[in-house]
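Let me begin by presenting the structure, written as structure tokens, before commenting on it.
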Protein chains: 2
Amino acid sequence: MAKTDTKTRILDTAERLFAQKGFDAVSLRNIIASAKVNLAAVHYHYGSKQALIYAVIARRLRPINEERLAKLAEARANAGRRPVKLENVLECLFRPLFRVQADPKAGPTFARLVGRVIGERNEGLQKFMMGELAEVIIQFSAAFETALPGLAKEETDWRSHFMAGSMAHTLCNADLLVRFTGTDAGMSDYETTVRRLIDFTAAGFRAKVSPPPKKARAKRAPKKK
Amino acid sequence: MAKTDTKTRILDTAERLFAQKGFDAVSLRNIIASAKVNLAAVHYHYGSKQALIYAVIARRLRPINEERLAKLAEARANAGRRPVKLENVLECLFRPLFRVQADPKAGPTFARLVGRVIGERNEGLQKFMMGELAEVIIQFSAAFETALPGLAKEETDWRSHFMAGSMAHTLCNADLLVRFTGTDAGMSDYETTVRRLIDFTAAGFRAKVSPPPKKARAKRAPKKK
DNA sequence: ATTTAATTCAAACGAATGTTTGAATCAGGC
DNA sequence: GCCTGATTCAAACATTCGTTTGAATTAAAT
């Protein structure tokens, strides 16, 4: 095998290290040392560390999001006039994302990286992710509402939020489960992980909305101020 | 009101800034500038930035965890010989944590901070949190298993994992919901947030375990290698 | 072979970080 | 008063960071 391109070797190494330790914790010098390239090569090929981060994310996330949308469109077509079943919507959302864990090229590294992005406070990164995810959010939000007729939009939004948390946490901290509980079976089997996540979140979406506590039973809740 | 203590003013300011931007992103100089104290005071009173981080977390988290355990013990006592209902277990776990959002002293800042800790890759911080949470994890894991007889332990662990993700994400990225969806009603009402989170996660815990996909129906799944 | 552009390299830059130092200031006990 | 310990302060320390520079090297085209 020919020596891989400098540009892609930087990208691969950055992906691996970012996934392991986070974006801030990994310096460009860590990357170039591990990738055995010159420091200036990073800026020559990518311009800045921020741009490198974006490139790392975009390379994997863009195909994932395309596949998500394609699968959802396909599910819509198969469903005809009926709404797509909630479990199928979730599968379209989860499977393309978790499948990269089984990809020997990407390895288990990238999934954790994506999971971590959500928790990042980096402003530019947030905006970048919003841009990348915009269409996915629009399409899947609509799909959730369609799959859950009768559930108030506000509740649907909150539950989407909870679902995103479960998804991100599972991606990012898969190793935590091992440490917490001692179990480690099935970690490698992403199919099972997706199935479990669908079971959990689908039931959460479908949960009965419990009434507010009695103490706030007045028509207009008394404002403290 | 007398000028607050230097030591606690550092702690308060650090808490606020850490919650806003994260631990790495906030420098000691940011803190001392905002708290109007001398740089060396941080090391004089806390020894290091790491120790300051621990102190910030421990101050709030320790009472929260104590309250969690106390409430769970109380619920156990009230339940007598019967297992504590799942929703009550979750309430013992969520309410003390989310209540700090309504605390004007702590403000909404700290909740986000706790949520963020979970996603941090900082090794020492991870171990510190494990130590702080050890008893909580033990007690509540047991409570979940008791409340969910018939559910395999492995499934219970995974679902606890998903639940933790929803909880952390909700704490950390409460503002995301606003940006994603446009809704913002009820954000301030932590009671409603807790109720919604309980609805979602309790249903998730109770979900029927769907069978593995048919293609893997063989007794011994064929290994690729 | 000569020219041209693309790429790699060692070295340095300026800024920011956590930490340490040693003197100055404050507080209270004798 | 004076002394002792606790606290504050300005200044510096040693690293590390992302980035830039300008020359050296490589590769391809004429």
Side-chain angles (χ1 to χ4, degrees), chain A residues 1-58 113 116-117 120-128, chain B residues 1-58 113 116-117 120-128:
Chain A
M1 185 171 78
K3 184 160 88 78
T4 48
D5 203 37
T6 296
K7 191 170 176 179
T8 68
R9 198 156 72 256
I10 291 173
L11 206 62
D12 290 340
T13 309
E15 175 180 85
R16 180 167 49 83
L17 295 183
F18 283 153
Q20 279 170 14
K21 315 185 109 186
F23 298 112
D24 289 341
V26 174
S27 70
L28 292 184
R29 286 174 175 81
N30 294 146
I31 296 172
I32 63 109
S34 187
K36 298 211 173 71
V37 302
N38 189 272
L39 177 58
V42 177
H43 293 87
Y44 178 77
H45 286 290
Y46 294 98
S48 70
K49 186 183 182 182
Q50 273 283 11
L52 174 62
I53 293 175
Y54 296 163
V56 166
I57 296 172
L113 193 152
R116 162 159 337 172
V117 172
E120 282 282 332
R121 195 50 50 175
N122 181 325
E123 179 129 6
L125 190 52
Q126 287 261 9
K127 293 209 166 134
F128 174 77
Chain B
M1 184 172 79
K3 184 161 88 79
T4 48
D5 202 38
T6 297
K7 192 170 176 179
T8 67
R9 199 157 69 256
I10 292 173
L11 207 60
D12 289 340
T13 310
E15 175 180 84
R16 181 167 48 83
L17 296 183
F18 284 153
Q20 279 170 13
K21 316 184 108 188
F23 298 113
D24 289 341
V26 173
S27 70
L28 293 184
R29 284 172 176 83
N30 294 147
I31 296 172
I32 63 108
S34 188
K36 298 211 173 69
V37 301
N38 189 273
L39 177 57
V42 177
H43 293 87
Y44 177 77
H45 287 288
Y46 294 97
S48 69
K49 185 183 182 181
Q50 211 40 284
L52 174 63
I53 293 175
Y54 296 163
V56 166
I57 296 172
L113 194 152
R116 163 159 337 171
V117 172
E120 281 285 329
R121 195 50 51 174
N122 181 325
E123 181 129 3
L125 190 53
Q126 286 263 9
K127 291 205 168 138
F128 174 78

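The basis for the numbers below is simple: all heavy atoms, side chains too, and nothing from hydrogens, waters or symmetry mates. Per chain, numbering begins at 1; letters A, B, ... match sequence-line order.
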[X]: which residues meet the side chain to side chain donor-acceptor pair (under 3.5 Å) condition with it, sequence neighbours left out?
| X | result |
| --- | --- |
| A:Gln20 | none |
| B:Ser48 | none |
| B:Asn122 | none |
| B:Ser27 | B:Asn30 |

Contact under 4.0 Å: A:Thr6 side-chain N or O vs C:dT8 OP1/OP2
yes
B:His45 vs D:dA6: side-chain N/O to OP1/OP2 distance below 4.0 Å:
no
Could you tell me the separation between the [atom1] atom of [X] and the [atom2] atom of [N], rounded to a whole number of Å?
| X | N | atom1 | atom2 | value |
| --- | --- | --- | --- | --- |
| A:Tyr44 | D:dA23 | OH | P | 17 Å |
| A:Lys7 | C:dA6 | NZ | C1' | 12 Å |
| B:Phe18 | C:dG18 | CZ | C1' | 12 Å |
| B:Tyr46 | C:dG18 | OH | C1' | 17 Å |

By ring pair (Phe, Tyr, Trp, His ring centres under 6.0 Å) - contacts of A:Tyr46 (at least two apart):
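Once residues adjacent in sequence are excluded, A:Tyr46 has no partner under the ring pair (Phe, Tyr, Trp, His ring centres under 6.0 Å) criterion.
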Output field dot_bracket for DNA chain C (Watson-Crick or G-U, both distances under 3.5 Å, | for other-strand pairs) contains ||||||||||||||||||||||||||||||
Can you tell me which residue among B:Ile31, B:Leu52, B:Ile57, B:Leu113 is in a side-chain contact (heavy atoms from CB on, under 4.5 Å) with B:Glu15?
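Among the candidates, only B:Leu113 passes.
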I'd like a list of close polar pairs between nucleotides 16-21 of chain D and the protein, N/O only, cut-off under 3.5 Å.
from: D:dC17; atom 1: OP1; to: A:Ser27; atom 2: OG; distance (Å): 3.2
from: D:dG18; atom 1: OP1; to: A:Lys49; atom 2: NZ; distance (Å): 2.6
from: D:dG18; atom 1: OP2; to: A:Leu28; atom 2: N; distance (Å): 2.9
from: D:dG18; atom 1: N7; to: A:Arg29; atom 2: NH1; distance (Å): 2.7
from: D:dG18; atom 1: O6; to: A:Arg29; atom 2: NH2; distance (Å): 2.6
from: D:dT19; atom 1: OP2; to: A:His43; atom 2: NE2; distance (Å): 3.0
from: D:dT19; atom 1: OP2; to: A:Lys49; atom 2: N; distance (Å): 2.8
from: D:dT19; atom 1: O5'; to: A:His43; atom 2: NE2; distance (Å): 3.4

For residues 32-42 of chain A, please give each side-chain donor-acceptor pair under 3.5 Å, one per line with the distance, not counting sequence neighbours.
from: A:Ser34; atom 1: OG; to: A:Arg16; atom 2: NH2; distance (Å): 3.1
from: A:Asn38; atom 1: OD1; to: A:Ala40; atom 2: N; distance (Å): 2.9

Report the residues that fulfil side chain to side chain contact (heavy atoms under 4.5 Å, CB included) with A:Ala25, sequence neighbours left out, ordered by chain and then residue number.
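For A:Ala25, the residues satisfying side chain to side chain contact (heavy atoms under 4.5 Å, CB included) (neighbours in sequence not counted) are A:Lys21.
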